[in-house]
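To start, the structure itself, in structure tokens.
Per chain, numbering begins at 1; letters A, B, ... match sequence-line order.
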Amino acid sequence: MNKEWKKEYEDGSYSVRTCGWSPPGDHPVGCGMKLHIKDGKLIKVEGDAEHPISQGRLCVRCLALPEYVHHPSRITSPMKRSIDDRGKDKWTKISWDEAWDIIVPKIKQLKADHGAESIVVFGGTGREACLYYYPLGFASIGTPNVCYPLSGWSCYGPRCAITDYILGAGYPEIDFAGTFPDRYDNPEFTLPKYIVEWGKNPLMSNPDGFYGHSIIDMMKLGTKIISIDPRITWLGTRSEYVCQLRPGSDTALAMAFLNVIINEDLYDHEFVDQWCYGFDELKERVQEYTPEKVEEITWVPKQTIIDVARIIGQNSPTAIQWGLAVDENPNGVQLGHALLSLAAITGNLDVPGGITLGAPAALLGKWRVETRSNLSEELWDKRIGAKEWPALSTAMATTHPDETLDTLETGKPYKLRMGWFNSSNFITATCSAQPDRWYKALKSLEFNVVQDCFMTPTAMAFADIFLPLPTFAEHDGVVITHFGRNPVFLGAMNKAFTVGDCKSDIEVCIELGKKLHPDMWPFDSVEDFFSKQLKPELGIDFNDLREMGVYQPKYTYRKHEKGLLRADGEPGFNTVTGQVELTSTLFEAWGDDALPYYKEPPYSPISTPELFKEYPLILTTGARTFTSFHSEHRHMPSLREITPDPIVELNPETAVLLGINEGDWVDLENMFGKCKMKAHLTPCIHPKVVHAVHGWWFPEKPAEEPSLYGVWDSNINKLVPHKHIGKLGFGAPFKQMICKATKREA
Amino acid sequence: MSSNGLLIDYEYCTGCHSCEVACKNEHNIPRGKWGIKLTEVGPWKLTGDKWEWNYVPVPTSLCDLCEDRVGKGEKPSCVHHCLGKAMEYGPVEELAKKMAAKGKKMVMFVP
Ligand code: SF4
Ligand code: SF4
Ligand code: SF4
């Protein structure tokens with residue numbers, strides 16, 4: 001890319017090149033764009049055609065960035081509120097110094113009186129904060145309790161943990177030639193013959209930083225798609241096969257594919273003999289999962305199962321892209337295990353056009369782990385839920401999310417007293433299950449700090465101090481796809497201008513850190529911080545990165561053959577056995593089955609037939625739209641014009657029986673809760689299934705309690721139960737509940 | 001003199017709305033009005049497991065084919081930002097040839 005990242009024009013305006021990452025936007029996708037600034041205002045966003053991945057394209061969320069940045073209700077200076085006024089719109093603007101003068105003594109007092117563990121840092125999903133909220137907790141504040149409050153840690157964490165235990169590698173992502181400057185033309189790259197989209201709609205979600213529309217790029221070049229999804233998506237209509245399965249039955253389907261591929265001898269013998277552990281046991285296990293039996297479980301016709309299995313077995317390279325549906329499932333660890341096994345035995349791991357694997361150590365990841373050295377062993381041992389859930393706490397440096405709610409409710413093993421909410425609006429239907437229960441439990445905290453860009457329902461309910469975050473257009477930073485676990489590129493995020501008096505995540509980490517644990521923060525400035533991260537690993541400093549625009553690391557295929565996955569430099573995988581563990585040594589040690597197995601969802605026509613009579617629909621939630629990232633963007637006029645309401649999708653046959661018409665407001669209800677959604681009728685969903693969106697609150701509704709911007713009205717997570725998680729502590733039923741639907745009387 | 005048009009490949013238009021918003025930004029078009037507007041046909045089942053579901057963006061009378069941008073040698077804003085890379089701008093004769101070459105799911109607008 002051009003060295004010049006800032007350009008000035010005759011009329012005094014200028015443009016700055018940058019790469020995007022929420023706030024606002026999404027995961028670390030890092031699309032390239034030029035921000036045009038005139039008279040201190042962002043007047044235009046233009047996609048950067050030089051960017052090797054996005055190539056000029058931008059989604060509506062970045063196209064609407066000026067609306068977000070200059071929105072009249074944005075908060076651009078710190079604020080305080082009396083604890084008696086929580087839930088009321090009674091704020092006083094303060095300076096950062098004043099904010100620190102309140103926060104710092106409070107933290108010191110809590111640590112002295114009750115121990116640092118009485119403070120919990122909550123972090124939100126996907127935003128830039130993901131890189132910084134762990135160090136904020138460990139090294140700036142000094143608590144072992146960092147919490148991602150999603151039941152069963154059901155997003156990305158399970159997939160990363162499963163990969164760690166089964167492959168001993170970073171995140172497995174489909175090969176889309178992302179690390180090659182010349183992309184699909186690079187001679188090392190091979191186009192995937194098939195891409196299996198498993199519980200994922202990457203066009204809308206750009207998951208973990210994968211550029212979703214690369215799928216379209218590759219389809220144009222000849223890649224075919226297989227869609228495994230309870231809904232026929234738009235991509236499904238362009239797919240060679242769709243397996244429209246019953247929500248939550250995924251593991252049975254994966255086992256049936258393995259059954260056909262193994263029994264019809266379609267697997268890669270060489271790879272299995274050389275690199276896999278426990279194949280015979282897997283072979284024996286999959287015999288239980290015949291296509292006939294699995295048709296009954298999953299609703300996918302036997303012949304489709306056989307056809308798709310043969311395609312996967314006979315077409316190399318085939319890439320499997322696994323989605324959030326793997327995580328949001330109490331049977332998800334087994335699903336992930338089965339999918340990695342499927343990729344492994346068909347010889348699609350770490351080959352061109354197959355599934356790429358991240359190297360073990362990753363940029364910024366190292367620093368994040370090192371910040372833990374600020375905590376004594378004794379303090380680290382107090383991490384909530386760590387002992388009870390070793391499979392989770394070994395891979396994730398957080399508390400166990402469900403245990404954290406229990407701790408808030410019971411005061412056991414100790415009382416939590418302070419909450420720091422970094423980019424997390426989780427009483428809205430984003431991550432927490434039973435958000436109404438969290439809401440009550442969080443009231444017990446005696447002091448709360450919230451960092452965000454706007455007043456959210458969560459901030460309105462709890463914040464005593466509100467610290468404003470700048471958008472990515474207003475600060476320096478880096479974007480790293482896949483949160484560093486299999487980075488396709490590292491992008492420079494360049495500060496283009498300033499709005500108000502906001503401080504970025506890393507600025508807050510450093511400033512607070514210097515006040516409480518100065519030895520952990522030997523950085524003079526943000527630029528110095530990034531240069532110190534980049535220099536040792538890449539040999540470049542932050543300014544070099546700005547001039548490069550993006551840095552694409554060199555990718556090496558077949559790392560297991562070259563000794564690039566293991567710490568000892570030997571060939572093989574970085575697992576206990578040194579091989580791909582089709583039979584897992586660790587799962588067994590932690591008290592689960594060593595092999596994948598299917599388990600019915602906690603609530604389903606089969607596991608709870610009596611309840612299903614009362615709640616005769618299967619509820620799946622959380623599909624993405626183009627116009628929002630979780631609970632962001634509900635107040636952007638141009639985006640709300642496109643997606644005005646929270647939607648539940650129903651099959652027209654079902655709707656007729658229930659007397660529901662297109663556009664009617666509908667109550668969705670089950671034994672855990674109730675909410676309202678607007679009906680959209682579509683034949684793309686099975687008559688027994690409904691799908692409801694997540695993330696909704698209404699900035700236009702009253703701010704104060706009890707309304708909290710209407711946060712309870714369309715809060716689908718009220719219908720999802722607490723702690724219905726898998727044996728190893730991962731996975732919650734966000735995508736396979738049951739409910740009933742009734743038309744609301746106006 | 002040949003006139004220019006917009007070619008849409010609706011096999012690959014994913015319905016992302018970027019064209020709509022990019023156009024509104026470029027031309028300061030208020031809410032409730034559009035320079036180009038997405039239409040949707042389907043989804044409904046054809047036969048077996050085949051489905052009809054197409055998005056087609058339709059330029060309106062407010063579309064000037066991004067005269068200013070094109071004058072500066074840039075692509076129209078909608079074309080530039082299109083996530084599906086499903087839009088192309090050019091002389092109608094050239095675009096017609098491309099339509100014929102692909103042979104399916106193409107439409108051309110001369111707004
Ligand atoms: S995917 Fe969308 S929100 Fe994310 S950086 Fe790209 S354009 Fe921006
Ligand atoms: S060519 Fe320009 S004016 Fe016409 S629809 Fe596209 S962006 Fe709008
Ligand atoms: S920007 Fe392109 S892909 Fe998106 S809706 Fe418009 S034409 Fe379709």
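Neither the backbone nor the side chain of B:C78 comes within less than 4.5 Å of any heavy atom of chain A. Both the backbone and the side chain of B:K85 come within contact range of chain A, judged by heavy atoms closer than 4.5 Å. Heavy-atom distances place the side chain of B:E26, and not its backbone, under 4.5 Å from chain A. Residue B:K105 touches chain A through its side chain alone, counting heavy-atom pairs closer than 4.5 Å. With a threshold of 4.5 angstrom between heavy atoms, B:K75 does not approach chain A through any atom at all. Only the backbone of A:T233 comes within contact range of chain B, with at least one heavy atom under 4.5 Å from a heavy atom of that chain. Looking at A:V242, there are no atoms closer than 4.5 Å to chain B (heavy atoms on both sides), in backbone or side chain. For B:C82, the part lying near chain A is the backbone, with the side chain staying farther off; criterion is any non-hydrogen pair under 4.5 Å.
Between the A:R238 side chain and the B:E11 main chain, a donor and an acceptor come within less than 3.5 Å of each other. Formation of a donor-acceptor pair under 3.5 Å by the B:N25 side chain with backbone atoms of A:V45 is not found in this model.
Residue B:Y12 holds its OH atom at 8.0 Å from CH2 of A:W234, rounded to the nearest 0.5 Å. For the atom pair OG of B:S77 and CG of A:L63, the computed distance is 7.0 Å after rounding to the nearest 0.5 Å. Distance CZ/B:R31 to CD1/A:I642: 10.0 Å, rounded to 0.5 Å. The CG atom of B:D49 lies 10.0 Å from the CD atom of A:E240; values are rounded to the nearest 0.5 Å. For the atom pair NE2 (A:H213) and OG (B:S18), the distance works out to 7.5 Å, reported to the nearest 0.5 Å. In this structure, NZ in B:K33 is found 12.0 Å from CD in A:E641, a value given to the nearest 0.5 Å.
Atom NZ of B:K37 is surrounded by more than 12 heavy atoms from other residues, nucleotides or ligands within 6.0 Å. In A:K41, the NZ atom is not crowded: 12 or fewer heavy atoms of neighbouring residues, nucleotides or ligands sit closer than 6.0 Å. Counted within 6.0 Å of CD on B:E67, heavy atoms from surrounding residues, nucleotides or ligands total 12 or fewer; the atom is thus considered open.
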Exercise. Where do A:F626 and B:T14 land on the side chain to side chain contact (heavy atoms under 4.5 Å, CB included) test, with the steps shown first?
Worked result: CA-CA 10 Å; A:F626 284 114; B:T14 61; 4.1 Å; yes
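Put simply, of A:I43, A:T304, A:I216, the one with the most heavy-atom pairs under 4.5 Å next to chain B is A:I216. Comparing A:R61, A:Q244, A:K220 by how many heavy-atom pairs each has under 4.5 Å with chain B, the most go to A:K220. Most heavy-atom pairs under 4.5 Å with chain B: of the set A:Q55, A:E46, A:M219, A:M204, this distinction falls to A:E46. Interface summary for chain B: among A:S638, A:P66, A:C59, the most heavy-atom pairs under 4.5 angstrom belong to A:C59.
Of all the heavy atoms in B:W51 and A:T237, the pair that sits closest is CB-CG2, 3.5 Å.
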